[in-house]
S.K.: 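A single structure is presented below for examination.
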Amino acid sequence: RMGCGVPNGKKKEVRMAARARETANNSLVQRAIGGVVGGVAGGLVFGVMMAMMGMLPMVAMVVGSESAAIGFLYHMFNSVVIGALFGLVFGRLSHTYGQGAVWGLLYGAIWWVLGPLVLMPLMLGMGLQFGMALAPPMLMSLGGHLIYGLVTGLVCVGYISRAQPRPATSGTEARRA
């Protein structure tokens with residue numbers, strides 16, 4: 001049946017384009033959520049490591065405190081935001097756990113440079129810390145950031161793969177499609 005003078009073929013194309021836009025938007029949202037979930041997981045692991053090393057009071061100094069609890073909360077806030085960015089930027093490139101691991105490790109290394117070598121020292125009035133990059137505390141920080149990135153990437157891929165619609169597998173489901 002034709003309505004409003006629009007041929008059926010054209011209506012089908014419009015529906016397909018609308019479905020493609022909806023899928024792309026859902027995919028973007030799913031990648032962001034996957035990044036947040038991964039960021040929380042990675043942040044918890046890295047946060048425990050920082051607590052064991054006594055680093056959380058220094059993290060808290062960025063927001064004017066010296067409390068380890070405040071440092072942990074600030075760290076987790078950053079982990080969520082940075083995780084969402086991972087999902088948005090690298091989520092579309094991470095279709096397998098191997099890809100999630102590689103992109104996550106790269107992302108962790110990037111944030112090691114941006115966090116303790118650039119942003120945090122500047123926020124604390126210390127200047128850039130590239131000269132300290134090979135000092136033991138900075139190398140421990142590198143390890144923590146790599147673990148954060150690895151966990152974030154793996155969990156993000158796991159979330160996204162489970163959030164995507166699955167193709168029909170049984171005869172009944174295939175007939176419904």
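All values below were derived from every heavy atom in this structure, side-chain atoms included, with hydrogens, water molecules and symmetry-related copies excluded. For clarity, every value in this text was computed on a predicted model and none was experimentally measured. Throughout, numbering of the chain's residues begins at 1 and tracks the sequence.
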S.K.: Can you give the donor-acceptor pairs under 3.5 Å from side chains of residues 81-91 to other protein atoms, not counting sequence neighbours?
M.R.:
none

S.K.: Do other residues, nucleotides or ligands put more than 12 heavy atoms under 6.0 Å from Q99 CD?
M.R.: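 Enclosed.
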S.K.: Tell me, which pairs form a ring-ring contact (aromatic ring centres under 6.0 Å, His included) where one or both residues lie in residues 56-80, sequence neighbours left out?
M.R.: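 Every ring-ring contact (aromatic ring centres under 6.0 Å, His included) pair that includes a residue of residues 56-80, provided the two are not neighbours, is F46-H75.
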S.K.: To the nearest 0.5 angstrom, please state how far the CG atom of L73 sits from the OG atom of S79.
M.R.: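 Between L73 CG and S79 OG, I get 11.0 Å after rounding to 0.5 Å.
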S.K.: Just how far is it from atom CE of M49 to atom CE of M140, taken to the nearest 0.5 Å?
M.R.: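 Here the rounded value is 9.0 Å.
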S.K.: Hey, is CH2 on W103 packed in by over 12 heavy atoms from elsewhere, all under 6.0 Å?
M.R.: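 Counting neighbours around CH2 of W103, 12 or fewer heavy atoms of other residues, nucleotides or ligands fall under 6.0 Å, so no.
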S.K.: Please find the pair of heavy atoms, one from S65 and one from S67, that lie closest to each other, and give the distance.
M.R.: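 Looking at all heavy atoms of both residues, the shortest contact is OG-N, 3.0 Å.
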S.K.: Which is it for H95 and I160 under the side chain to side chain contact (heavy atoms under 4.5 Å, CB included) test, yes or no, and what are the steps along the way?
M.R.: CA-CA 9 Å; H95 304 288; I160 292 170; over 6 Å; no
S.K.: Count I, L, V, M, F, W, Y as connected when their side-chain heavy atoms are under 4.5 Å apart, and connections chain through other members. Are V36 and L93 then in the same cluster?
M.R.: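 Yes.
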S.K.: Can you give me every donor-acceptor pair (side chain of residues 149-157, partner residue at least two apart or in another chain, under 3.5 Å) with its distance?
M.R.:
unit_1, atom_1, unit_2, atom_2, d
T152, OG1, G38, O, 3.3
T152, OG1, Y148, O, 2.7

S.K.: Going only through I, L, V, M, F, W and Y residues with side-chain contacts under 4.5 Å, is there a path from V62 to L114?
M.R.: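 Yes; L114 is reachable from V62 via cluster members.
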S.K.: Could you pull out all donor-acceptor pairs under 3.5 Å where a side-chain atom in residues 115-134 meets a protein atom, sequence neighbours excluded?
M.R.:
unit_1, atom_1, unit_2, atom_2, d
Q129, NE2, M126, O, 3.4
Q129, NE2, G127, O, 3.1

S.K.: Are M53 and M58 grouped together when hydrophobic residues (ILVMFWY) are joined by side-chain heavy atoms under 4.5 angstrom apart?
M.R.: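 Yes, M53 and M58 fall within the same hydrophobic cluster.
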S.K.: Starting from V63, can I reach M76 by hopping between I/L/V/M/F/W/Y residues whose side chains sit under 4.5 Å apart?
M.R.: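 Yes, one cluster joins them.
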S.K.: In terms of hydrophobic clustering (I, L, V, M, F, W, Y; side-chain heavy atoms under 4.5 Å; direct or indirect links), are V80 and I70 co-clustered?
M.R.: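 In one cluster with V80: I70, yes.
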S.K.: Once side chain to side chain donor-acceptor pair (under 3.5 Å) is applied, what residue pairs with a partner in residues 138-147 remain, sequence neighbours excluded?
M.R.: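 Only S141-H145 qualify under side chain to side chain donor-acceptor pair (under 3.5 Å).
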S.K.: Once side-chain hydrogen bond (donor to acceptor under 3.5 Å, both in side chains) is applied, do any residues pair with S94, and if so which ones, sequence neighbours excluded?
M.R.: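 Applying side-chain hydrogen bond (donor to acceptor under 3.5 Å, both in side chains) to S94 gives none.
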S.K.: Residues in side-chain hydrogen bond (donor to acceptor under 3.5 Å, both in side chains) with W111, at least two apart?
M.R.: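 For W111, the residues satisfying side-chain hydrogen bond (donor to acceptor under 3.5 Å, both in side chains) (neighbours in sequence not counted) are Y107.
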